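Step one of this worksheet: look at the structure below.
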There are 2 protein chains.
Amino acid sequence: MKFIDNGKVMTEYFHLDDLDRKILTILQKDASLGANTLAERVNASASSCWRRIRALEQAGVLGPHVRLVDPVALGRTLDVFCHVRMKSQGPRARASFQRAMEAEPTILAAYSVSGEWDYLLHLIVEDMQDYERILMGHVLDHESVAATSSNFVLRRVKHTTALPV
Amino acid sequence: MKFIDNGKVMTEYFHLDDLDRKILTILQKDASLGANTLAERVNASASSCWRRIRALEQAGVLGPHVRLVDPVALGRTLDVFCHVRMKSQGPRARASFQRAMEAEPTILAAYSVSGEWDYLLHLIVEDMQDYERILMGHVLDHESVAATSSNFVLRRVKHTTALPV
DNA sequence: CCATTATCGATGAATTTCATTCAAATTTAT
DNA sequence: ATAAATTTGAATGAAATTCATCGATAATGG
C-alpha cells in the first residue's frame, strides 16, 4: 500500500489490531492449531479468526507455513558465522558470489552487511571437517573472495523465527 | 539414541532414508500440504507418508509447525547484527545477560560465539531510531556489557529455515 | 535358502477443519 | 443522533485429517 505525499513515497503498512496481533503471535509459534482452538485462545469466534488469517495472508503479512527441523537430531551440531571480504565488489562478482551462496544448502543465510566485512554467512554443518570442506570448496574457492573469518557458536542462547507484533 | 562404546558416549542419529528426506525437504518449505498431496509428490502412499511423519516427530527430528511473518510488510525494515563484548564472563553475568536477551522480542537470535566478541545478536527492528532505543536500553545499559559493534544488513541475499537433509 | 520381521498401500470410520451464509452487533461518517 | 458500512459470531455441510487394521510385499539374517 503506497501513496505519494509531497513528492515522497510514503508506505502505509497493514494495520494490525489487537486480535491480529494475538493471532500472529500464536501462529508464529504454533501453526498446527485449527481455527477453533485458535479462536478460544484469542477470545474470538472461529469465523473471525479465519477471516483475519485470510486477510493477513492476502496482505502478505502472514507468510508460509513451514516445519522446523532440529539440526541436532540430524547430527548437524556445528553452527558457524562466517564473515567474507571480497576482492572486488562489481555487479558481476556480487551476482556470481550470491549464486554460489544460494547453491550451498548448509548456508542458511547470507547477508550483505555494512562494516569491515562484505558478507555475513550463517551455516549449520555436521562437524569441523564438514565445515572445512564447505569453506574451502564453496567460499574461499570463489574467485571474488579475498578473505574470511569464522566464528563458531558455543551456545545458542536464543533462537526464534517469531517477530514481535 | 545413545550407547556406550569404549567408555565413550556415542550418539546414533535417526536414520533417514530417501522417502524421509523427500518428506522433510517438502515440509520444511511448505507444511500446508495434506498427506494426500504430499504422497503424490514423493511417490508414496498417503499412509506411508503419514507414518513417516509421525516417526520423524517422535524422534524429535520434525519439530514445530510455524508460520513465518514478513517483517517488511509490518514496517520492520532494519536487520542488524550486533556483536557484544562482556566486562566479565562469570556465570551470574552470563545468566543475567541471557535473560535480558530472552526478554527483548526484537532480538530474534543470540549466540555465544568464539572469537574476539562474546555474543552475536540478530535483531529486526523498525528503523534506526528503534534500534538506538533497544541498543541503549537493553544491551549497552546492561551492567556486564563492555562494548558493542553493530553491522547493518544492506541486503538479505539468502534466508531460509530449511536445513539440508 | 527359507523364515522372520518390518514396511507398504489400501480401506474405512470417527473426528476436525474449512469456508460460507445470515442475522445481530459494532463501528464510522454525516 | 441516525443511517450506512463493516465486522462479528453461531450454524452448517462438504471436504480433509487422523489413526487403526488388514493382506501383500520387501528386507533381513541365520
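Source: prediction; values computed, not measured. Lettering of chains follows the sequences in order, A, B, ..., and the numbering in each one begins at 1. The figures that follow rest on heavy atoms only: side chains count, while hydrogens, waters and symmetry mates do not.
The CG atom of A:Leu19 sits 12 Å away from the P atom of D:dT7 (whole-angstrom rounding). Distance A:Leu38 CG to C:dA19 C1': 16 Å, rounded to the nearest Å. Distance B:His15 NE2 to D:dA27 P: 14 Å, rounded to the nearest Å. Rounded to an integer number of Å, the gap from CG of A:Asp17 to C1' of D:dT6 is 13 Å. Rounding to whole angstrom units, NE2 of residue A:His65 and C1' of D:dT17 are separated by 14 Å. Between the P atom of C:dT7 and the CD1 atom of B:Ile53 lies a distance of 16 Å, rounded to the nearest Å.
Under the 3.5 Å distance criterion, with hydrogens and angles disregarded, no donor-acceptor pair is assigned to the side chains of A:His122 and A:Tyr111.
When distances run from any side-chain atom of B:Arg54 to the nucleotides C:dC8, D:dA20, C:dG9, the shortest one goes to D:dA20.
Between A:Leu135 and A:Glu132 the shortest side-chain heavy-atom distance does not fall below 4.5 Å.
For A:Arg67 and B:Glu57, the salt-bridge test passes: some basic side-chain N is under 4.0 Å from an acidic carboxylate O.
Screening B:Lys87, B:Arg94, B:Gln89 for a side-chain contact (heavy atoms from CB on, under 4.5 Å) involving B:Asp118 leaves a single residue, B:Gln89.
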Quiz item: Can A:Ile53 and A:Leu56 be said to form a side-chain contact (heavy atoms from CB on, under 4.5 Å), step by step?
Solution: CA-CA 5 Å; A:Ile53 290 171; A:Leu56 290 164; 5.6 Å; no
Dump every N/O contact between nucleotides 10-18 of chain C and the protein below 3.5 Å, one line per pair.
| from | atom 1 | to | atom 2 | distance (Å) |
| --- | --- | --- | --- | --- |
| C:dA10 | N7 | B:Ser47 | OG | 3.0 |

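Using cut-offs of 30° and 60° on the angle between ring planes, the pair A:Phe97 and A:Tyr119 is tilted.
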